[in-house]
Structures are given as structure tokens and as C-alpha cells.
Amino acid sequence: MRFSRNATGTLFVGGAMAVTLAALAYPSMLGLNKVTTAQDRVIANTQWGPLTEQDRDFVVKVRAAGLWEYPVGQIGLQKGTTPGVITASKHLVDGHAALDTTCRKIAPMLNITLPDLPSPQQQGFVSQLKADTGKKFDSDFANILRMTHGSIFNTISKIRSTTKNSLVRALADQANDTVLDHMTVMEKTGLVDFDQTIFQQTTPPKLPDSDLTPPPPAAGQPEVVLTPPPNPTSTPVDINGLAGGGGGAGASAGASPAPTAG
């Protein structure tokens, strides 16, 4: 299995507002290797429960993950040479389109600004897979995606077990199911080198924060939307069905015209 160590690493470290907009502005640093003692600091009290820094960062990172894994799934549908890689590619497109819908619904409800581009590191994954062909593509695809999904799996559990915000909790539930599914389909390709992948997952390179941070969205540009496939099997969170309600604002905010990705 051959993929660049510089392109790898841990993917993720992991209403009514009562704070200023500045406190909820796009986080300046979301480095994957950046862990601060302030992550559990409450930055807003909302009708869905308090929102912490790590809650906010989690929503941003789920969005950023989809911004590179969704197009990689589209690439896999074109370049994959085995049935397993084609199946895994379909799952990436389907799962991240549904997660993207949930992120775009809850972000305006929590006053969270979402990126429209993945981090430079994640863009590097996409560039590498675009350059790959044949069996090398299949191998790099399965191993990179298994490594990145394995990296976020424990973070999702932490968010799910500690957040007091019902919207973030619902996103974590959906992300947990999606990531487990994506890990499983990567493994079913039969191409995962577990020794190297788990090493990369647990011993990531020390990259600068600038490589690990999705850039803020450009002012005045429409929000990027990850369009669901024709016959989706994954479903977004039913915001209106959550305890605490208040889904109307999020639904209207998420329905604004936006360009599609792909």
C-alpha cells in the first residue's frame, strides 16, 4: 500500500443565543492536532442546549469531511476497477450528502459558519487520488478513506457522550452510523493494509495548523451543496422531530439556492 505520509494524519481531533456574534465567528484554528483546555468552554446558550467550542468545531469538521470525501466518491465511481471500490464510492456520495444536509440545517440554527472548501490536507487527499490510476487508485482509495474514518470514530463517540446540545447530539448519531458504514465498506474492498493504516491513524505526522484548517467561506459566495444521489439510502436528521423543536429556521436557511458540488 503506497500513499504519501505528508498527505495523511488524523482527520479529526476532535434558537436563542446568549453570546456575541464574534464568539461564534468561524474558528480561526481547527487544527487536527490542536487540543486546548477551552474545548469544553460554553460559547452559546441555545434552546437546544449549551454549545461548546468542541461542539462547534465538530459541526465544521463534519462539513469539511464531506467536502472532500463526496468528490472522492464521485472520482471512485469513475476510476474504481473493482466492485468493492465502486460500492464504497456510492456509500461515500450517499452518506456525505445526507450529513451535509444535516450540517447545513443546524449550522444557522446554532449560528455556526460552515466552510465551502476542505482543509489543505484534505485537498491533498483529493489531488493524490485524482492523479492515481488503476490498482494504485483502488489501494490508495481504500487505505486513505479507512484511515481517515478510523481517526474520527473515537471523536464522534466523545462528542456524542459529552455534548449537552440536542442538535449536535443528533448530528453525532448520524455521523457515527455513516462513519461505521464507510469503514466497513472500505474493509470489504479487501485492499486495506491494517498494519500501515492503523499506524497512520494512531501516529499522524505533525502538520502545521494551516494545513489542517478548512478556510472560511468567501464573502458573498453561495453555499456549496452536496447533492444526494438519485436514489439515496441515507437520510438527514429530522430537525423538526427533535425535542426542543425550533427546526423551522434551520429548514428555511438550508433551503436557499446554492451551487452543487461535483
Taking all non-hydrogen atoms of both residues, which atom of [X] and which atom of [Y] are closest, and how far apart?
X: Val59; Y: Leu114; value: CG1-CD2, 4.0 Å
X: Val62; Y: Cys103; value: CG1-SG, 3.5 Å
X: Leu191; Y: Ala142; value: CB-CB, 3.9 Å
X: Lys105; Y: Met109; value: O-SD, 3.2 Å
X: Gln121; Y: Leu207; value: NE2-CD1, 3.6 Å
X: Lys130; Y: Lys79; value: O-NZ, 2.6 Å

Would you sort out whether Trp48 and Ile106 count as a side chain to side chain contact (heavy atoms under 4.5 Å, CB included), showing the intermediate values?
CA-CA 10 Å; Trp48 300 278; Ile106 71 173; over 6 Å; no
Taking only residues at least two apart or on different chains, which pairs with a member in residues 201-220 satisfy ring pair (Phe, Tyr, Trp, His ring centres under 6.0 Å)?
none
Indicate if Val185 and Val72 have the same hydrophobic cluster label, given that clusters are the connected sets of ILVMFWY residues with side-chain heavy-atom separations under 4.5 angstrom.
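No; Val72 is not reachable from Val185 via cluster members.
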Start with the C-alpha distance between Asp55 and Thr52, add both sets of side-chain angles, then the distance that settles side-chain hydrogen bond (donor to acceptor under 3.5 Å, both in side chains), and finish with yes or no.
CA-CA 5 Å; Asp55 291 337; Thr52 65; 3.1 Å; yes
Does the side-chain hydrogen bond (donor to acceptor under 3.5 Å, both in side chains) test come out yes or no for Asp94 and Ser234, once each step is laid out?
CA-CA 6 Å; Asp94 184 85; Ser234 299; 2.5 Å; yes
Residues in side chain to side chain contact (heavy atoms under 4.5 Å, CB included) with Thr81, at least two apart?
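If we apply the side chain to side chain contact (heavy atoms under 4.5 Å, CB included) test to Thr81, skipping adjacent residues, the hits are Asp138.
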Where do Gln174 and Thr102 land on the side-chain hydrogen bond (donor to acceptor under 3.5 Å, both in side chains) test, with the steps shown first?
CA-CA 9 Å; Gln174 183 186 355; Thr102 300; 2.6 Å; yes
Using a 3.5 Å distance criterion without hydrogens, assess whether the side chain of [X] forms a donor-acceptor pair with backbone atoms of [Y].
X: Asn143; Y: Asp193; result: yes
X: Asn165; Y: Gly49; result: yes
X: Gln122; Y: Ser119; result: yes
X: Asp140; Y: Gln128; result: no
X: Arg169; Y: Thr163; result: yes

From Leu99 CG over to Leu226 CG, what is the distance, rounded to the nearest 0.5 angstrom?
9.5 Å
